[in-house]
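A short write-up of the structure that comes next.
In this text, all values refer to a predicted model and were calculated from it rather than measured experimentally.
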Amino acid sequence: MRSFHMFIRGIILAGYALLLFKLLLTSQLANYVSPKMHPFIYFALFVLLILGGMQILRSGMNTSESHCHCDGEHHMPKTPASTVFIYSLFLLPVMIGLMLSNHVLDSSVASKRGVQFGAQPLAESTNSQVQTEEKDLVEEYLRDPEGYMKKVDERVNEILQEDDSAVQSTEKENEQLKNDLIGTDKIVVTDEKYISTINMISENVEQLIGKKVEITGFVFRERDFRSNQLVVARFGVTCCIADASVYGMLVEGENVAKLKDDTWIKVTGTIHKTTYHQSTIPVIEQPAIEMIEVPDQPYVYEEY
Amino acid sequence: MENAGKQIGKDVAGTALFGGILLLFLFGDRLIDPSFIPKEVLNVSTLFLSIILEAIPFILLGVFASALIQTFVSEDTLKRFIPKHPILALVPAAIVGAFLPICECAIVPVVRRLVLKGMPLHLGVVIMVTAPILNPVVFASTYYAFQTNMDVVYARMGLAFVASIVIGAIIYFFFRTSLPLKKQHHVHEHHHHAKNRWLETLLHASDEFFDVGRYLIVGALVASAFQAGFDRTTLLEIGGDQTVAPAVMMGLAYILSLCSEADAFVAASFGSTFTIGSLVAFLVYGPMIDLKNTFMLFAYFKPKFVAVFIFVVTVVIYGSIILLQSLNIL
């Protein structure tokens with residue numbers, strides 16, 4: 001009986017190995033797991049092959065070595081029904097992966113997550129302490145304006161120094177990207193720097209008004225959009241697509257009304273600003289729209 | 001004769017299974033036209049598979065670490081490293097958790113094995129809740145997601161450390177005398193020939209993969225249904241409420257079952273509407289316990305322990321967030 005379970009388990013493990021192998025061969029693995037995590041998948045493939053092969057080989061031999069010496073601890077399914085149920089459960093991911101690996105998350109998922117139009121400041125904390133502190137500061141300033149300003153200068157220098165050591169490298173990269181954006185006439189939002197570019201455009205929209213921008217994504221609409229509005233959006237992934245957030249830019253123009261949700265498009269237009277839900281966000285106006293095929297790499301990935 | 005017939009039947013079943021998988025490997029994507037399948041089903045199954053694929057390497061690491069401990073670490077060795085005083089031992093346990101570079105999928109089999117080998121349960125719990133948060137990868141991703149507000153990063157790490165010790169102490173109080181492991185079984189020392197030890201480790205790891213895997217799969221299935229079906233934008237209106245928001249974000253962290261390496265970016269996407277306290281609650285609670293891990297705990301522990309554990313973690317984290325808010329720290 002035990003050797004039967006070993007045989008089936010060995011085959012299931014080999015099935016998982018085949019699944020990973022196929023996803024790697026067809027480069028569809030990135031449709032599930034961020035490239036950053038792929039080394040772990042290679043490790044898993046290797047281990048599954050060894051475990052599966054060993055189980056299948058061992059199932060043929062009926063020696064006492066063929067099971068680990070802690071039988072009481074591991075449980076084998078007892079009835080035929082539970083055997084079928086449990087092994088079907090294990091086969092479910094393999095079957096989904098081998099048959100349906102072409103699917104890309106669509107706008108119905110996006111609408112449930114909400115779109116990020118770029119980096120947003122954290123909510124203001126409503127602490128009463130802050131207010132009393134401010135009051136104290138005002139009083140202090142009224143008593144001794146010069147001394148107060150001196151203190152403020154010192155504090156500012158302190159903060160600048162702290163910042164310098166801690167966040168220098170990311171700061172530098174962001175500064176570089178910002179200068180690149182301001183220096184160029186046409187901003188192309190690439191897959192590699194999708195999220196950071198969108199964040200930068202959103203943070204510096206005042207300086208970028210009037211510049212050309214080119215961006216690729218799928219069509220997505222929030223429920224309260226007007227007919228001339230859509231978002232050109234991508235799912236931004238950290239580890240696996242279950243943690244994906246939606247990033248995108250608002251597009252406005254009479255020619256977007258007829259576009260269906262989930263159509264993949266390349267938009268070229270001019271950056272302006274607008275107000276959406278009380279916050280200032282960039283918007284692409286006078287858009288030229290080109291319909292495209294679903295890209296080989298539909299997702300974008302966090303860049304850290 | 002009958003037995004031989006049965007045996008042949010089973011061989012045929014296994015071989016047919018392998019043939020089927022091989023067929024799907026070669027032609028699987030041409031068998032059905034996905035446009036005939038409802039989009040909701042495709043979204044759920046895609047999210048489900050991504051959670052499984054992401055978890056498999058870490059489950060394998062976890063069961064291997066567990067199997068290595070089983071084969072190579074004796075109960076006596078382990079005992080020598082654990083301080084005698086049950087309460088004083090909580091702090092070193094939290095530090096051990098901080099140094100283990102393991103996330104929440106991998107830590108469950110490891111902790112269960114350590115407890116089987118004689119580590120006191122409450123210390124195992126401390127390691128289980130600290131390891132997924134206090135580790136360099138999680139620090140880096142949280143730092144990157146919250147560059148504009150380092151308070152979130154420090155609050156996440158600090159609260160995880162302190163809360164884990166409190167949780168451990170409460171668990172000690174509840175389970176001082178009983179060991180709530182399923183199938184209690186005294187792990188006796190085996191005396192094998194050295195050449196069998198590696199083989200034994202592999203067999204252990206494989207059996208344990210199947211023990212815990214079934215729970216992982218059910219957990220991932222339920223979590224992916226919530227992932228695809230639950231509308232997060234409905235939460236935005238209550239984000240500013242100091243008492244409701246942390247509870248809501250803890251509930252969200254529980255059902256989404258995200259990896260602790262990735263949850264900071266999801267938390268950041270709520271940053272403009274939710275209070276800092278509720279974001280920290282999301283980032284500390286989720287790695288300690290979530291839907292996927294609840295199922296995995298059921299694989300190893302008795303239901304009573306799982307219930308008490310979830311209750312204690314929930315009360316301690318929510319309580320600390322409310323306390324920190326009332327002290328104006330968050």
Side-chain angles (χ1 to χ4, degrees), chain A residues 4 7-9 11 15-16 18 22 32-33 37 40-41 43-44 47 51 54-55 65 67-70 72-75 86 89-90 92-103 105-106 108-109 112-114 116 120-123 125 127 129 167 170 238-243 245 302 304, chain B residues 10 14 17-18 21 24-25 28-29 31-32 34 39 42-43 45-47 49-54 56-57 60 140-141 144 147-149 183 185 190 196 200 202-207 210-211 213-214 217 227-228 230-233 240 258-259 261-262 265-266 269 271-276 328:
Chain A
F4 168 67
F7 188 41
I8 296 290
R9 287 177 173 204
I11 287 167
Y16 274 90
L18 280 176
K22 183 173 184 181
Y32 298 97
V33 179
M37 309 301 283
F40 291 102
I41 300 288
F43 159 79
V47 170
L51 286 185
M54 186 197 68
Q55 293 268 47
E65 280 174 35
H67 48 87
C68 82
H69 299 260
C70 45
E73 216 181 282
H74 303 298
H75 15 102
I86 284 172
L89 209 54
F90 276 98
L92 186 64
V94 178
M95 286 164 62
I96 290 174
L98 290 177
M99 287 159 71
L100 302 170
S101 60
N102 277 322
H103 184 69
L105 292 186
D106 59 28
S108 70
V109 176
K112 291 188 172 106
R113 299 194 175 190
Q116 310 286 311
Q120 289 161 2
L122 293 183
S125 71
N127 285 346
Q129 198 191 356
V167 281
T170 12
T238 313
C239 290
C240 73
I241 59 166
D243 63 47
S245 301
E302 291 283 353
Y304 79 102
Chain B
K10 279 167 181 167
L17 180 64
F18 189 69
I21 292 175
L24 288 183
F25 175 78
D29 25 20
L31 278 185
I32 25 174
K39 280 205 154 176
L42 288 174
N43 285 331
S45 59
T46 305
L47 287 163
L49 185 59
S50 94
I51 295 176
I52 298 284
L53 290 176
E54 170 74 22
I56 282 179
L60 286 172
S141 69
Y144 192 85
Q147 281 175 58
T148 51
N149 195 325
K183 295 237 177 184
H185 173 88
H190 311 305
N196 282 346
E200 198 192 319
L202 285 177
L203 289 164
H204 253 300
S206 166
D207 277 349
F210 280 90
D211 283 348
R214 66 186 86 165
I217 290 170
Q227 281 260 357
F230 181 73
D231 193 337
R232 299 177 202 178
T233 55
L258 298 166
C259 296
E261 285 84 356
F265 293 95
V266 177
S269 73
S272 55
T273 42
F274 273 75
T275 61
I276 304 276
N328 279 315

Quiz item: Take atom CZ in F43(A); do more than 12 heavy atoms of anything else shown fall under 6.0 Å from it?
Solution: yes
Practice problem: Give the member of A44(A), G114(A), C240(A) that has the highest number of heavy-atom pairs under 4.5 Å with chain B. | Solution: C240(A)
Practice problem: In sequence, state the C-alpha distance, the side-chain angles, and the governing distance for D29(B) and M99(A), and then conclude on side-chain contact (heavy atoms from CB on, under 4.5 Å). | Solution: CA-CA 4 Å; D29(B) 25 20; M99(A) 287 159 71; over 6 Å; no
Quiz prompt | Residue part contacting chain B, namely of L51(A), when any heavy atom lies under 4.5 Å | solution = side chain
Exercise. Apply the test side-chain contact (heavy atoms from CB on, under 4.5 Å) to residues L105(A) and L47(B): give CA-CA distance (whole Å), side-chain angles for both, the deciding distance (0.1 Å), then the verdict.
Key: CA-CA 8 Å; L105(A) 292 186; L47(B) 287 163; 4.0 Å; yes
Quiz prompt | side-chain contact (heavy atoms from CB on, under 4.5 Å) evaluation trace for I32(B) with L100(A) | solution = CA-CA 8 Å; I32(B) 25 174; L100(A) 302 170; 4.1 Å; yes
Quiz item: Looking only at side chains, do S108(A) and N43(B) share a donor and an acceptor under 3.5 Å apart?
Solution: yes
Practice problem: Any chance you could measure C239(A), atom SG, to E261(B), atom CD, to the nearest 0.5 Å? | Solution: 5.5 Å
Quiz prompt | Contacting moiety of F90(A), where chain B heavy atoms sit under 4.5 Å | solution = both
Quiz item: Which heavy atom in L49(B) sits nearest to a heavy atom in P93(A), and how many Å separate them?
Solution: CD1-O, 3.5 Å
Self-check item: Nearest heavy atoms of F265(B) and T238(A), plus distance in Å
Solution: CD1-OG1, 3.4 Å
Quiz item: Between CD1 of I241(A) and CD of E54(B), what distance do you get to the nearest 0.5 Å?
Solution: 11.0 Å
Quiz item: Salt bridge between R113(A) and D231(B), side-chain N to carboxylate O under 4.0 Å?
Solution: no
Quiz item: Is chain B contacted by the side chain of I86(A), its backbone, both, or neither, given a heavy-atom distance below 4.5 Å?
Solution: side chain
Exercise. With a 4.5 angstrom heavy-atom cut-off, could you sort out which part of L53(B) is near chain A: side chain, backbone, both or neither?
Key: both
Quiz item: What residue, out of V33(A), I8(A), L18(A), has the most heavy-atom pairs lying under 4.5 Å from chain B?
Solution: L18(A)
Quiz item: Do you know which two heavy atoms are closest between Y32(A) and S50(B), and how far apart they sit?
Solution: O-CB, 3.5 Å
Quiz item: For the residue pair D207(B) and R9(A), what are the closest heavy atoms and their distance?
Solution: OD1-NH1, 3.4 Å
Quiz item: Which answer fits I52(B), side chain, backbone, both or neither, if we ask what part of it has an atom under 4.5 Å from a heavy atom of chain A?
Solution: side chain
Practice problem: Considering non-hydrogen atoms only, spot the tightest contact between K22(A) and G28(B) and give its length. | Solution: NZ-N, 4.1 Å
Quiz prompt | For the student: nearest non-hydrogen atoms of A242(A) and L258(B), plus distance | solution = O-CD2, 3.7 Å
Exercise. Give a yes or no on whether F18(B) atom CZ has more than 12 heavy-atom contacts from other residues, nucleotides or ligands under 6.0 Å away.
Key: no
Quiz prompt | Step-by-step side-chain contact (heavy atoms from CB on, under 4.5 Å) determination, K112(A) to F230(B) | solution = CA-CA 7 Å; K112(A) 291 188 172 106; F230(B) 181 73; over 6 Å; no
Quiz item: Side chain, backbone, both or neither: which part of I217(B) has a non-hydrogen atom closer than 4.5 Å to chain A?
Solution: side chain
Quiz item: Roughly how far apart are D243(A) CG and S269(B) OG, rounded to 0.5 Å?
Solution: 10.5 Å
Quiz item: Rounded to the nearest 0.5 Å, what separation is found between the CG atom of L24(B) and the CD1 atom of I96(A)?
Solution: 12.0 Å
Quiz item: Between C259(B), G213(B), A205(B), which has the largest tally of heavy atom pairs under 4.5 Å with chain A?
Solution: G213(B)
